[in-house]
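In what follows, chains are A, B, ... by sequence order, proteins preceding strands, each numbered from 1.
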2 protein chains.
Amino acid sequence: MPRAGLDAATVTEAGAALADEIGLDRLSMSVVAERLGVKPPSLYKHVDSLATLTHRIAILGATEVGDELRDALQGVSGRAALTAAAQTLRRYVKEHPGRYAATTGARPIGPDDPLVPAVERTLTSLGAVLSGYEIDPADTIHALRMLRSILHGFATLDAADGFQIDTDVDESFAWMIGFIDHGLRTPASGV
Amino acid sequence: MPRAGLDAATVTEAGAALADEIGLDRLSMSVVAERLGVKPPSLYKHVDSLATLTHRIAILGATEVGDELRDALQGVSGRAALTAAAQTLRRYVKEHPGRYAATTGARPIGPDDPLVPAVERTLTSLGAVLSGYEIDPADTIHALRMLRSILHGFATLDAADGFQIDTDVDESFAWMIGFIDHGLRTPASGV
DNA sequence: AGCCTAAAGCTAATGCCATTAGCCTGGGTG
DNA sequence: CACCCAGGCTAATGGCATTAGCTTTAGGCT
């Protein structure tokens, strides 16, 4: 019996891929083990439990989202940045619903949980989008929360096929971006 | 051994209450049975499986949200209606996270699934909110999807304690409502 | 009042899953 | 070349959902 050469990262990656394929709720140690050509108990040499594996997937998801957002925002600002950020997030959630579900369902375990900085990178990128608009500093946190809410909400509903098919979802997405962009340009938006 | 006098509705209600208390992911036939003072197999006289119980909880949640929205929108319009709808949804998700999670995670089983009309009632109410604004009919579907996305996203993140505590979340919520209201009043919002 | 039946609860049994304990060996290190 | 430990394994435990089949209840009918 040759060694499989696993480590925590490999197991996490396999779990993330499976979560995307079959859904986070169906993820089990058994399916991960099978995917890796190994028996379930062997996984415990690399991850503590299914719960910590899920947590690792959440961190992976947050990190990947942060990276993709950072890359997508290189050299753009204003409406172009808003569009890039929104499209990037939507695409990520569509392509990696399992990872994203893990990320949104995860809770920090402790003060030095890597999940925290991973999620913060995403918020930093969204903050960078807002810096392209002239927003009262006191309102920035509100605009950030709104942006996060709307992108998260749309991407989530879209990934869950929550919209009817009568009208093109892409069109609604573009309209929404236009709405936000327009609102953020309007001075009195916060009153 | 006296009879417990259960039926599908009682089991569903107990399951919904438990989902709110301990989280949908922790819901099991065992805990529902214990809550009802009955052994797990007895539940199968009333519900087919844990999956269908979850689906019933989803329908219950969708129905309750629809009812509360309808009630909250009685006699109000414009910004007042927008505020009422947003607050109602946020409160419901905070008070019944388990039911709401079941609802958002549910998929219609067939063409005559009661889940479909239950969810549609919510959309009808949100549509009523929009009718208080002068929106190009062609854009109404987009505005509806945006409204749904933003309310769903905010409520979800809020219920999951996804926002930092530095700044008051209520304040951000009010700001967001103001932003949407303002944008919906602006004629060229869709361009 | 007394029977009779369908429903409602129960116990027992199956099978899957997560997780733990303890064995065994491959392969890099001295 | 022997050593040793990390990484894989098998066996065992306990919880869960679910099914089968038994028992009893409670209300309707005579």
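We find that CG of B:D48 is positioned 14 Å from P of C:dA8, with the value rounded to whole Å. Summarising the geometry, the separation between OH on B:Y44 and P on C:dC10 is reported as 14 Å, rounded to the nearest angstrom. B:E34 places its CD atom 13 Å from the C1' atom of D:dG15, with the value rounded to the nearest Å. Taking atom CG of B:L50 as the reference point, atom P of D:dT19 lies 12 Å away to the nearest angstrom. Atoms CG (A:L27) and C1' (C:dA18) sit 12 Å apart, rounded to a whole Å. C:dT14 atom C1' lies 17 Å from atom CE of B:M29, rounded to whole Å. Distance, B:L43 CG to C:dA8 P: 13 Å, rounded to whole Å. Whole-Å rounding puts the A:L6 CG to D:dG8 C1' distance at 9 Å.
In plain terms, the two heavy atoms of A:L151 and A:A86 that are nearest each other are CD2-CB, 3.6 Å.
For C:dC16, the OP1/OP2 oxygens have no side-chain nitrogen or oxygen of A:S28 closer than 4.0 Å. Close to D:dA6, at under 4.0 Å from its OP1 or OP2, lies no side-chain N or O of A:H46.
Centroid-to-centroid, the aromatic rings of B:F163 and B:F173 stay 6.0 Å apart or farther. Checked against the 6.0 Å centroid criterion, the rings of B:Y92 and B:H96 qualify as a close aromatic pair.
Side-chain proximity of A:K39 to the nucleotides C:dA18, D:dT10, D:dT18 is greatest for D:dT10. With C:dA12, C:dG9, C:dA18 as the candidates, the nucleotide lying closest to the side chain of A:S30 is C:dA18.
One finds no salt bridge joining A:D7 and A:K45 here, because no Lys/Arg side-chain nitrogen approaches an Asp/Glu carboxylate oxygen to under 4.0 Å.
Nearest-nucleotide positions on DNA chain D place A:K45 closer to the 5' end than the other of B:V31 and A:K45.
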